[in-house]
Amino acid sequence: MNPTITSAVLPEDALEAFAGAVRDAVAARYPQAEAANVAFEAPRRPEFGDFATNVAFSLAKVARRSPNDVAAGIIADLEASAPNVTALFASIEAVAGFINLRLAPVVWQSLVARIVRDGASFGRRDGDSPRISLEFGSANPTGPLVVVQGRALAIGDTLARAFRYCGYGVFVEWIINDAGSQVETLARSLYARYCQNFDASYPFPEDGYPGDYLLPIAQTIVERDGEKWRDASESEWLPYFGQFGRDTIVAEQRASATRFGVQYDLWQSEKELRASGRMDEDLAKLAQMGLIYESDGAKFFRTSEFGDDKDRVIIRRDGSPTYFAPDIAYHYEKLSRADRVIDILGPDHHGYIGRLKAAAAAMGFPGHLEIMISQLVSLMRGGETVSSSKRAGNIITLDDIIDEVGVDAARFFFVMLATDSPLTFDLQLATEQSNENPVYYVQYGHARIASVLKNADASDVEAAHAVPSLAALAAPAELALARRLAELPKVVRGVVDHLAPHRLAKYARDVASDFHQFYSECRILVDDRETRLARLALCIAAKTVLAEVLDLVGVSAPESM
RNA sequence: GCGCCCGUAGCUCAGCUGGAUAGAGCGCUGCCCUCCGAAGGCAGAGGUCAGGGGUUCGAAUCCCUUCGGGCGCGCCA
């Protein structure tokens, strides 16, 4: 074996060296062609190797030869011009115009060594830029978090973790919609519950918030203040009940988010945003730019000049601001302190995207605001549809879901599908500890590795951690697992670049699958010490990557189950 | 009516911004525990990628169009 390549050559190094050598070879052979763009992809079929590149296709025209001839010519050139590069590959073949590459086992062995050495920081980048502002889950402070917010929380928090892994500075925030008429409605509903405590016939407001969740809050007021508010005038009790209800419910929402594993950096009150004067300042600035005009006694923002369907009212005829006004101020603030601002909105906010993006553009940040819509979630239990209606008062809360299926299953299921496709969540399936349940499949993989490491001699495990010679790793299942583990950084980067957290769920299943296959084909605790230590090291690497992926989606990685 | 998303195996869904014989899980049929966790592995059956046109060496992927679904179009938030 070539001694120069036994010292840590990682897959990406090998590919980069190969790409460079190909560019040189192409430049020498086809000087009339543009500089070759050498990109690699992972072929679907294992017999096509670890990686493939399609450079030959774009050269075929210039070369006036078939792609396969071009590919074969390039390979022949490389053998002569860059033997130190071709030595990194077990095979380099021209097939149907592609150049198929199989890395030398030693490269995969270096990668396993790298993961064992780096541990949880494998592939992770330090840093805090660019700065990302992520807002998700935000709700009216009028009731508990429900299922659709659960999905937004799972998606948003997974994205936040992925961004951090990639070295971005992430700021996670929530806006409390506490400035509109809904707080008044909350106050009336809560007051009715309070009065019903003394007089069951007290009427509940028609547009009030039903459901049982206001009962304990009313009870708290009863216990503290007794009948004090029964004869008070509305101007007295309304602000009190509004504030108390709002504060209590926001605290409960925070508790639910925390229980779900989601930590926020900022809970921004919309009411506070108005009171601070920032909103008025920003609106004045827009007016100065000539972007605000009066019509019908109301004030309009010329969002249509920035791509929106039509202009939007920001100050009503009665002088009060619409919801859009403080949101402009909030987004202006976010855009000022972050390089990218990402909102995850609910499925009923399609119509809001245009005006928000227009506002961002008008304020001098075109293209800095990205909006994701997290689609509907419908609940099933077994084959039955579970109905949840806010109006009917039989809402199913995020806490209900956590109680029934646990945080792990809930987070995995919420993140499993592409964000823009509707999700059917089967509660029964999520609780089943069976092979129908993808969460357990992945967690089982992790627990199984932990079990093997427990069965092994402690001294062997220690030796494996110290990264022994891994030359024994050569079986297809071993190399396939190593190749899969190597993908982690690339997968996370894809999650971030495409705002597609569901790829992590898919990747987690792939890693588990490759491990299980390795496990059934290669016995780990064999007599031969070198093989045993090498396989233990591979187990440690697989466990590291599985734990990392599970952590990115906020799911625990159990040592046993 | 206008705008956004979607249509892939019996079911639920992937398909890495255009690549090779379209994949996975579940379900179905059959195998595999004297041995590290069978919550596992292997094999098989199952497809006109909604239909039609176009772009090019090459399309599930990009463009046009028809059909079929979901959602959004307040001086609500």
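Numbers restart at 1 for each chain; the letters A, B, ... are given by sequence-line order, proteins then strands.
When the C1' atom of B:C33 is taken as reference, atom CZ of A:R448 falls 11 Å away, rounded to whole Å. Atom C1' of nucleotide B:C36 and atom CZ of A:F518 are separated by 10 Å, given to the nearest angstrom. Distance, A:F425 CZ to B:C13 C1': 16 Å, rounded to whole Å. Atom CD of A:E93 and atom P of B:A20 are 18 Å apart (whole Å). Computed from coordinates, the A:N37 CG to B:G18 C1' distance equals 14 Å when rounded to whole Å. If you take CG of A:N54 and C1' of B:U61, they are 15 Å apart, rounded to a whole angstrom. Here B:U12 presents its P atom at 13 Å from CE of A:M416, a figure rounded to the nearest Å. Counting to the nearest Å, the P atom of B:A24 and the NE2 atom of A:H516 are 16 Å from each other.
The side chain of A:R503 has B:C16 as its nearest neighbour among B:G41, B:C16, B:C36. Comparing B:C13, B:G41, B:G37 by their nearest atom to the side chain of A:T424 picks out B:C13. Each of B:G37, B:A20, B:G41 was ranked by its minimum atom distance to the side chain of A:A52; first place goes to B:A20. Distance from the side chain of A:D420 is smallest for B:C6 among the nucleotides B:G40, B:G15, B:C6.
The distance between the ring centers of A:F414 and A:F425 falls below 6.0 angstrom. For A:F98 and A:F57, the gap between ring centers is short of 6.0 Å. Checked against a 6.0 Å centroid threshold, the rings of A:H516 and A:Y444 count as neighbours.
Side chain of A:H465 to backbone of A:V461: no donor-acceptor contact under 3.5 angstrom is found. Proximity of a side-chain donor or acceptor of A:D426 to a complementary backbone N or O of A:L429 within less than 3.5 Å is detected. Remark: side-chain polar atoms of A:R316 are paired, donor with acceptor, to backbone N or O of A:P321 under 3.5 angstrom. Between the side chain of A:D343 and the backbone N or O of A:L345 there is no donor-acceptor pair closer than 3.5 Å.
Contact annotation for A:A447: base contact, defined as any heavy-atom pair under 4.0 Å involving a base atom. Within 4.0 Å of A:C539, counting heavy atoms only, lies no atom of the nucleic acid at all.
With salt bridges taken as basic N to acidic carboxylate O contacts below 4.0 Å, none links A:R355 and A:D309. The pair A:D207-A:R188 does not count as a salt bridge, with every side-chain nitrogen at least 4.0 angstrom from each carboxylate oxygen. Between A:D528 and A:R532 no salt bridge is recorded (no basic side-chain N to carboxylate O distance below 4.0 Å). Using a 4.0 Å cut-off between charged nitrogen and carboxylate oxygen, A:K543 and A:E559 count as a salt-bridge pair. Between A:R278 and A:E272, at least one side-chain nitrogen of the basic residue sits less than 4.0 Å from a carboxylate oxygen of the acidic one, meeting the salt-bridge criterion. Salt-bridge check for A:D514 with A:R484: passed, with a basic side-chain N closer than 4.0 Å to an acidic carboxylate O. A salt bridge does not link A:R483 with A:E487: every distance from a Lys NZ or Arg NE/NH1/NH2 to an Asp or Glu carboxylate oxygen is 4.0 Å or more.
Across all strands shown, B:C67 is found opposite B:G7 as a Watson-Crick or G-U wobble partner, with both distances under 3.5 Å. When Watson-Crick and G-U wobble pairs are counted only if both distances are under 3.5 Å, B:A39 pairs with no nucleotide at all. With a cut-off of 3.5 Å on both Watson-Crick or G-U wobble distances, the partner of B:G44 is given as B:C28. Pairing of B:G23, defined by two Watson-Crick or G-U wobble distances under 3.5 Å, is identified with B:C13. If you check B:U61 for Watson-Crick or wobble pairing at under 3.5 angstrom, you find it has no partner at all. In this entry B:C2 has B:G72 as its Watson-Crick or G-U wobble partner, both defining distances falling under 3.5 Å.
At B:G7, none of the side-chain N or O atoms of A:S421 fall inside 4.0 Å of OP1 or OP2 (strictly under the cut-off). Side-chain nitrogen and oxygen atoms of A:Y441 include at least one within less than 4.0 Å of the OP1 or OP2 phosphate oxygen of B:G41. Contact annotation: A:N100 does not reach the phosphate of B:A20 (side-chain N/O to OP1 or OP2, under 4.0 Å). In this model, the phosphate group of B:G41 is not approached by any side-chain N or O of A:S520 to a distance below 4.0 Å at OP1 or OP2.
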Protein heavy-atom contacts under 4.0 Å, written 5' to 3' over nucleotides 70-77 of chain B as B (base), S (sugar-phosphate only) or - (none), form the string -BSSSBSB
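Taking the ring axis of A:Y519 as reference, the NZ or CZ atom of A:R448 stays within 45° of it and closer than 6.0 Å to the ring centre.
Stacking between A:Y444 and B:G37 is absent: the aromatic ring centre is not both under 5.5 angstrom from the base six-membered ring centre and within 30 degrees in plane angle. Ring-to-base geometry does not place A:F98 in a stacked arrangement with B:G19 (centre distance under 5.5 Å, plane angle under 30° required).
The gap from the P atom of B:A43 to that of B:A24 amounts to 10 Å, rounded to the nearest Å. Separation of the C1' atoms belonging to B:C28 and B:G69 is 29 Å when rounded to the nearest angstrom. Nucleotides B:G46 and B:U8 have their C1' atoms positioned 14 Å apart, rounded to a whole Å. When the C1' atom is used for both B:G27 and B:G10, the distance is 8 Å, rounded to whole Å. Taking atom P in both B:A60 and B:C13, the straight-line distance is 22 Å, to the nearest Å. On the C1' atoms, B:A20 is 10 Å away from B:G58, given to the nearest whole Å. Taking atom P in both B:C6 and B:C16, one finds a spacing of 13 Å when rounded to whole Å.
Base orientation of B:C64: anti, since the glycosidic angle falls outside 90° of 0. B:U48: glycosidic angle beyond 90° from 0, hence anti.
Residue-to-nucleotide proximity on RNA chain B shows that, of A:H498 and A:S560, the 5′-proximal contact is made by A:H498.
Of the residues in residues 55-65 of chain A, those placing a heavy atom less than 4.0 Å from an atom of RNA chain B are A:F57, A:K61, in numerical order. Only A:I524, A:L525, listed by number, bring a heavy atom of residues 524-533 of chain A to less than 4.0 angstrom from any atom of RNA chain B.
Interface remark: the A:R45 side chain does form a donor-acceptor pair with the B:U21 base, using a distance-only criterion of under 3.5 Å.
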